[in-house]
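Here is the structure we will look at, set down as structure tokens.
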There are 4 protein chains.
Amino acid sequence: MTELTRPLSPRSARAHATALAAARALLGEGGLPAATVDAISLRSGVSKATLYKHWPSRTALAAEAFGREMADALPLPSTGDPRADLVEQVRQVSAFYAGAKGEVFAQLLAACVTDPSAAPYFREFFLDGRRAAISVLWQRLVESGLASPTVDAETATDLLFGPLIFRRLTGHAPLTFAEADAISSAALEGLLKRE
Amino acid sequence: MTELTRPLSPRSARAHATALAAARALLGEGGLPAATVDAISLRSGVSKATLYKHWPSRTALAAEAFGREMADALPLPSTGDPRADLVEQVRQVSAFYAGAKGEVFAQLLAACVTDPSAAPYFREFFLDGRRAAISVLWQRLVESGLASPTVDAETATDLLFGPLIFRRLTGHAPLTFAEADAISSAALEGLLKRE
Amino acid sequence: MTELTRPLSPRSARAHATALAAARALLGEGGLPAATVDAISLRSGVSKATLYKHWPSRTALAAEAFGREMADALPLPSTGDPRADLVEQVRQVSAFYAGAKGEVFAQLLAACVTDPSAAPYFREFFLDGRRAAISVLWQRLVESGLASPTVDAETATDLLFGPLIFRRLTGHAPLTFAEADAISSAALEGLLKRE
Amino acid sequence: MTELTRPLSPRSARAHATALAAARALLGEGGLPAATVDAISLRSGVSKATLYKHWPSRTALAAEAFGREMADALPLPSTGDPRADLVEQVRQVSAFYAGAKGEVFAQLLAACVTDPSAAPYFREFFLDGRRAAISVLWQRLVESGLASPTVDAETATDLLFGPLIFRRLTGHAPLTFAEADAISSAALEGLLKRE
DNA sequence: TTATAAACGAGACGGTACGTCAAGTCTTGCT
DNA sequence: AGCAAGACTTGACGTACCGTCTCGTTTATAA
């Protein structure tokens with residue numbers, strides 16, 4: 001448990017949860033631009049003052065809402081073939097980025113650049129989750145002897161997803177499965193051990 | 001010549017250039033947040049109305065100003081060793097991202113997510129330049145037989161810089177030379193031919 | 001001939017007339033707000049620079065256009081009965097003020113408050129014409145011995161039309177024939193000689 | 001109490017009053033042109049957004065400020081002689097129109113033509129007050145048997161002040177006491193009963 | 001007929017103010 | 001006490017129209 005997830009009084013917990021639900025709904029309807037503080041307050045019935053007692057900024061609130069929603073949306077593949085699992089995960093994630101949720105992801109990532117107070121929330125509730133998932137897959141590869149233990153999961157994650165995210169942000173190239181495969185295979189060639 | 005760089009009357013050209021200079025200065029002083037439309041107008045003496053005739057939004061203006069400034073700031077290494085050149089370029093770029101200019105880069109990249117009208121300007125005046133530079137280096141590698149012609153420069157660029165940019169945006173990991181080397185060597189392992 | 005109506009070269013005269021025609025049309029379509037300098041220039045093909053060589057301001061141009069149009073629109077009644085003629089004139093004018101043209105009149109009168117350079121044009125091309133018409137009627141009354149020569153036509157005009165215009169501007173009371181009659185009869189009672 | 005004068009929370013009332021005071025001061029210094037929204041906001045410390053929550057437009061704000069200021073500035077004469085009182089009132093009002101405040105009055109009247117949203121404010125806070133004052137005087141005349149009850153105070157007011165205001169707006173004739181007397185006596189001749 | 005100077009057409013520019021928006025803070029009153 | 005309601009400040013945005021200016025072209029008149 002971190003500083004961002006301390007226990008709350010029942011009343012506070014209710015306000016907290018209600019606000020998150022409203023934010024999630026608004027994010028789904030119109031992305032981050034729709035998740036206005038006033039809109040969240042209005043829909044949830046939680047006052048603005050209370051919102052700012054729970055989160056340092058609107059972006060932080062949205063980041064937590066988004067992160068919690070995504071927590072279960074991207075299940076870990078587990079076919080037994082570690083390499084295939086990782087490739088599959090990259091494909092899934094690239095599909096995610098290409099879709100509507102990917103748009104929200106991009107908006108949040110962008111917003112965190114401007115609003116540093118939100119970054120910890122985005123990391124805590126979204127990025128760390130993704131990263132942990134990859135760590136598991138990576139660990140399996142290392143244990144299978146396919147990947148070198150000298151490359152840490154951090155670097156592997158960045159190599160596998162950084163390119164996809166970069167494309168998503170700049171929109172200079174499409175995010176198809178083919179592209180995802182090209183990237184993941186190239187990256188994995190570099191990451192995995194030679195025979 | 002694209003649509004964004006059509007020839008202008010002398011008078012317009014003057015206003016255009018003056019505005020860009022003011023924007024560049026403001027970006028240098030306080031990053032994107034300082035490059036307000038009013039501030040640019042005030043400092044350059046170019047009226048707001050004129051600014052909005054030349055650019056669709058403040059972000060587009062800033063993107064062009066930033067891109068033009070960076071055009072020469074990142075020279076191509078040319079030591080004769082294609083692989084070393086590419087590695088050196090990655091190191092330089094990672095240093096760039098880690099510095100003050102990298103902050104502005106991140107702000108612009110983020111702003112383009114929110115403001116789609118600015119994205120073409122950012123691509124035209126910054127990203128494409130960077131991408132072209134890498135293409136040259138990549139071409140040398142292909143010609144040297146070190147890299148496979150089946151991997152295009154686009155993919156290579158994304159693989160080499162996507163991870164760095166991702167780190168810069170989320171701030172989850174530092175952008176040191178060591179990190180840059182780890183990433184570039186891992187990526188290159190996958191990209192380059194095995195002997 | 002006043003300073004405002006000096007002879008022009010054929011070319012200039014053409015531009016002058018074309019601009020006035022365009023202004024008149026625009027006034028008819030959307031009132032003074034529609035008679036933008038750009039709109040007049042665009043529709044007439046007369047450049048803005050030329051417009052400002054002929055008139056000191058957009059309002060002056062519009063005032064002249066309006067005044068010339070109205071010159072013949074309000075014919076003098078001439079039934080032989082001077083008193084009836086005057087009453088009829090007041091009724092006609094009140095009907096005019098109540099209509100669409102009256103709206104434009106009000107807009108021009110208002111604009112001249114803000115833009116003093118236009119006032120002479122409004123007087124020259126509109127007000128003086130109206131005032132002259134009343135003078136004729138008033139003169140007939142005086143000659144008929146119905147009105148005292150000690151009251152000048154100026155005062156009579158103001159008394160007869162001031163109230164109507166005041167109502168038109170503030171909109172606090174309607175401008176019906178009944179109202180016009182009430183005002184004119186009351187005013188005339190004071191202006192005309194007793195039996 | 002009308003819709004324009006509903007009760008406000010203490011906080012809002014403070015902002016409302018402060019804004020009006022600033023507007024009044026600015027009107028006094030530079031007339032309506034000086035009563036810019038930004039200027040009022042700056043001087044009063046009330047933000048523009050708040051101003052636009054309280055009033056539909058800058059003109060409406062200025063109209064209310066002006067009207068409230070004038071409320072006590074033009075006291076009712078009460079000499080016991082109803083006719084003399086009315087003449088005196090006309091003289092006072094004509095002096096008012098001829099002065100600096102009259103300039104502001106003309107500007108506001110003109111502005112209300114362009115900005116219909118402001119007209120109710122000008123009526124509510126200025127014109128109705130003036131009109132009520134005249135009604136009192138007129139009532140006294142009627143009660144004294146000097147004026148006919150068939151002429152309503154509305155018409156009398158328009159007849160007495162319309163001409164003055166018309167002169168003030170067009171500037172075609174001066175607004176001296178002599179002129180005012182000529183107008184008022186002529187008008188009253190028509191309005192008052194013959195013995 | 002041709003030169004040439006004035007006037008024009010096209011349209012960009014500087015300036016000023018407008019009215020709007022969302023973020024984040026603060027007050028007021030209810031529970 | 002603590003929260004809902006909501007008004008307030010701040011800062012920037014993008015727009016509209018005015019009147020001025022530049023530049024290249026047309027037109028009228030005199031050589």
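The figures here come from the full heavy-atom set of this structure, side chains too, leaving out hydrogens, waters and symmetry mates. Below, read A as the first sequence line, B as the second, and so on, with proteins coming before strands; counting in each chain starts at 1.
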Between E/dC26 (P) and D/R14 (CZ): distance, integer Å: 14 Å
Sugar-phosphate only, base, or nothing, as touched by C/H16 at under 4.0 Å among non-hydrogen atoms: nothing
Atom-to-atom span, NZ of A/K53 to C1' of F/dA4 - whole angstrom: 11 Å
Of C/S41 and A/T59, the one whose closest DNA chain E nucleotide lies more 5': C/S41
D/I40 CD1 to E/dA17 P, straight-line distance once rounded to whole Å: 12 Å
Results of salt bridge (Lys or Arg N to Asp or Glu O under 4.0 Å) for B/R68 - residues two or more places apart only: B/E64
Candidate nucleotides F/dT10, E/dG24, E/dC13, ranked by approach to the side chain of A/S57 - the nearest: E/dG24
Separation between CG of A/L61 and CZ of A/F66, rounded to the nearest 0.5 Å: 14.5 Å
Length of the CG-C1' vector between D/L51 and F/dA7, whole Å: 13 Å
Length of the CH2-C1' vector between B/W55 and F/dG14, whole Å: 16 Å
Gap between atoms CG and C1', on D/L32 and E/dA17 respectively (whole Å): 13 Å
OP1 or OP2 of E/dA7 under 4.0 Å from side-chain N/O of C/H54: no
Whichever of D/A39 and C/S12 has its nearest DNA chain E nucleotide further upstream toward 5': C/S12
Residue-phosphate contact under 4.0 Å: A/T36 side-chain N/O, E/dC21 OP1/OP2: no
Between F/dA4 (P) and A/L42 (CG): distance, integer Å: 13 Å
Closest to the C/K48 side chain, choosing from E/dG11, E/dA17, E/dC8: E/dG11
Nearest heavy-atom neighbours spanning D/H54 and D/Y121: O-OH, 4.0 Å
Stepwise salt bridge (Lys or Arg N to Asp or Glu O under 4.0 Å) test for A/E29 and A/R43: CA-CA 13 Å; A/E29 294 168 17; A/R43 180 171 300 202; 2.7 Å; yes
Heavy-atom closest pair, residues C/I40 and C/S44: O-OG, 2.6 Å
DNA chain F: 5'-proximal contact among D/T50 and B/Y52 (nearest heavy atom): D/T50
Proximal nucleotide (of E/dG14, F/dC8, E/dA17) relative to the D/A15 side chain: F/dC8
Short side-chain N/O contact to F/dT22 OP1/OP2 from B/S9, under 4.0 Å: no
For atom CG of D/L61 and atom P of E/dG19, their distance in whole Å: 11 Å
Closest contact, heavy atoms only, A/L26 versus A/A35: CB-CA, 4.1 Å
Candidates F/dC8, E/dC13, F/dA5 - which lies nearest the side chain of B/R11: E/dC13
Whichever of A/G45 and D/V46 has its nearest DNA chain F nucleotide further upstream toward 5': A/G45
Polar side-chain contact A/R58-E/dA23 base: donor and acceptor under 3.5 Å: no
